[in-house]
Structure formats: structure tokens, C-alpha cells
Amino acid sequence: MTELDTEPRAAQAPDPDEAAPSGTFVEALAVEDDDPGLFPGDTGVLPFEARRVLALLLQRRYLAAADHPVEWKALLTHQQVVSSRLHDLFVELVVDRDYEIAYKRQVRSDGLTIPVLLKDEPYKRVETLLMLFVRNRFRQEQGAGQAAAYVDAEEMADYALGFLAHDETNLSARRREIDNAVAALARERVLEEVATGRYRILPVVEILLPVDRLRELTRWLHGADEQAVPAPQPDEDIAASPQEADE
């Protein structure tokens, strides 16, 4: 009979000259280079779409889904982090999902001394009159079930002249004042010119003049004389900024 070898055997070291069988060792994956950023020296951490919407919010008075649908979607996706970045500047983000409008607002707190980045710019008296007029037109068209509200430049001029032209001898100067006010509301995206002298009233007018403010100014309008026309501040919900650029 053949005897079985029951003594333990010492493990033999592998021959260094002998090639390892395929699959014995797994190669380490190459470490990818860090993200180089969006531009040289970029240390930002937000993705491009979040940065773009943040920049638009800083640049513009407000961001509307109708004008920027891609950016509006990005805002809703990154709302928390965009809001956090604005908080770092003592600025709040307000998102109105009903009207699909987002805007910024200066943080104000009695317990904090902070630099103010956004300033309130008063509307001139003619702009105030036109804001009231187009806001009422917007409400009327909404109540009638219309998808959009429109107004003509001549309608606005006639309305404003009805308050401004009492005993006026220089009507051409008044008309220039009204034309400048219409142009200002168009720059601020309260009005959008769709044809020469015809404007669509944009939903942001609802935020600039909420119902309680509208009623207050309407009461004043029907009881005030020409010299008493105030220059109301825009609601602090949408405060203009010196850095904001018109597009």
C-alpha cells in the first residue's frame, strides 16, 4: 500500500519569473482629475444651471417663468441652495408659484446692522398713476376670464392727462412725461410692448401693487388733487437694485 503523506508542507514562494495567471490581480483604477471648474481659477461649488439662475436673480428685478422657462425650472430644483447663497448677502429669495415669479428682497432686522445691497426706488407720480391704471385693467381682464391683459399707449396717456392737465399750458411737456413713464414701466418689465404703442400687462403688477395697496391708492386717487400726488415706494417685495441691468 502506498502511505499517505500526512506531514504539513511548507508553502512555496511563487516564482517571480512565472507570470501570474490572468485575473489574479486587479489593476487600480486611475484617479480622475478634480473638476477643473467652469473657468480658470473657478472655486465655485454650484452647478452651472444653479449659478446662472442666481446671477439672473441678482441682475434682474424679477425672474418670470414665462420669460425664462429653463431657468425657472432650475430655480425650483436648486431653490434651497440659491436661497442660502442670497442669505449670505443678507438678501431673501421670494418664490411666488401662483404667478410663477421669483424676486429678491433686502433683509431688514432691528437686531442687525448690515450693508444694504437693494435700495427702494420711489415711483414718480406719473408712473404711480399708470401703475394704478394698468393694475386695474389687469384685474378687469382677469375677472373676465382673459388669458392676458393689454393696454394702448394712448389709453394710458388719456388717463394720466385727466389728472395732470388741469390748467396746464404746456401739454407737450406733460406728454413727454407720460411717454417716459410708459418707457420706465416697460424697462421694469411691468409692460411688454407687443406692437407699436400696444402693451401686454405682465403679472408682476399683482406683486408690485397687491390688492390692499391698490385699494389704498385708489381711494387716494379719487380724493386727491394734482399737487397731492404721492410717489409711493414699490413694495419691498420687489426693490430695485443699483446693480440691476435692464435687458
Side-chain angles (χ1 to χ4, degrees), residues 27-123 131 138 147-148 183-194 200-210 213 233-247:
E27 290 187 12
L29 296 177
V31 178
E32 295 182 359
D33 293 335
D34 292 336
D35 187 346
L38 300 177
F39 50 86
D42 179 20
T43 60
V45 297
L46 298 184
F48 172 75
E49 60 272 14
R51 297 193 202 190
R52 176 169 169 76
V53 75
L54 177 60
L56 281 173
L57 284 166
L58 291 172
Q59 180 192 52
R60 301 172 62 86
R61 169 162 282 203
Y62 67 92
L63 178 69
D67 298 329
H68 295 86
V70 174
E71 288 76 13
W72 176 258
K73 183 177 179 180
L75 173 62
L76 297 183
T77 301
H78 301 284
Q79 182 176 341
Q80 184 174 0
V81 69
V82 169
S83 179
S84 177
R85 292 297 180 272
L86 289 175
H87 286 171
D88 287 339
L89 302 175
F90 302 108
V91 173
E92 290 181 303
L93 172 67
V94 181
V95 179
D96 189 316
R97 292 174 181 259
D98 292 333
Y99 289 106
E100 295 190 319
I101 291 172
Y103 51 93
K104 58 191 178 295
R105 169 167 68 192
Q106 181 67 52
V107 170
R108 287 179 171 85
S109 175
D110 294 337
L112 292 175
T113 301
I114 59 177
V116 175
L117 296 181
L118 309 181
K119 68 177 183 180
D120 294 330
E121 294 180 344
Y123 289 110
M131 285 280 288
F138 187 83
L185 295 184
R187 285 195 304 272
E188 293 185 7
R189 299 289 293 160
V190 175
L191 300 174
E192 178 185 37
E193 190 168 21
V194 294
R200 182 168 70 93
I201 305 169
L202 299 178
V204 72
V205 73
E206 290 266 25
I207 297 172
L208 289 169
L209 285 184
R213 183 62 170 152
Q233 298 283 340
D235 280 12
E236 289 182 356
D237 289 352
I238 296 188
S241 166
Q243 300 95 330
E244 289 175 5
D246 296 312
E247 291 188 350

TODO: Search all heavy atoms of Pro203 against all heavy atoms of Phe138 and return the closest pair with its distance.
DONE: CA-CZ, 3.8 Å
Task: Between CG on residue Asp67 and CZ on residue Arg189, distance to nearest 0.5 Å - done: 4.5 Å
Task: Atom of Leu75, atom of Leu63 and distance for their closest heavy-atom approach - done: CD2-CD2, 4.3 Å
- [ ] Could you tell me whether the side chain of Leu117 reaches within less than 4.5 Å of the side chain of Phe90, counting heavy atoms only?
- [x] no
TODO: Please confirm whether the backbone N or O of Val116 pairs with a side-chain atom of Gln106, one donor and one acceptor, at under 3.5 Å?
DONE: no
Show me, pair by pair, the donor-acceptor contacts under 3.5 angstrom made by side chains of residues 76-87, not counting sequence neighbours?
{"residue": "Thr77", "atom": "OG1", "partner": "Lys73", "partner atom": "O", "Å": "3.0"}
{"residue": "Gln79", "atom": "OE1", "partner": "Arg97", "partner atom": "NH2", "Å": "3.0"}

Task: Residue pair Leu118 / Arg105, side-chain heavy-atom distance below 4.5 Å - done: no
Task: Taking every non-hydrogen atom, the tightest pair across Leu46 and Ala50 - done: CB-CB, 4.2 Å
Task: Verdict with supporting geometry, Leu191 and Ile201, side-chain contact (heavy atoms from CB on, under 4.5 Å) - done: CA-CA 5 Å; Leu191 300 174; Ile201 305 169; 4.0 Å; yes
TODO: Test side-chain contact (heavy atoms from CB on, under 4.5 Å) on Tyr62 and Leu202 and set out the steps.
DONE: CA-CA 12 Å; Tyr62 67 92; Leu202 299 178; 3.6 Å; yes
TODO: Working to the nearest 0.5 Å, report the span between CD1 of Ile207 and OH of Tyr103.
DONE: 4.5 Å
Open item on the list: Looking at every non-hydrogen atom in both residues, tell me the closest pair between Leu93 and Ala102 and how far apart they are.
Closed with: CD1-CB, 4.3 Å
TODO: Could you tell me whether a side-chain N or O of Arg51 sits under 3.5 Å from a main-chain N or O of Gly44, the two making a donor and an acceptor?
DONE: yes
Task: Option passing side-chain contact (heavy atoms from CB on, under 4.5 Å) with Arg60 (candidates His68, Glu188, Lys104) - done: His68
- [ ] Would you check, one step at a time, whether the test side-chain contact (heavy atoms from CB on, under 4.5 Å) holds for Met131 with Leu208?
- [x] CA-CA 9 Å; Met131 285 280 288; Leu208 289 169; 3.7 Å; yes
Task: pair Trp72-Leu56: side-chain heavy atoms closer than 4.5 Å - done: no
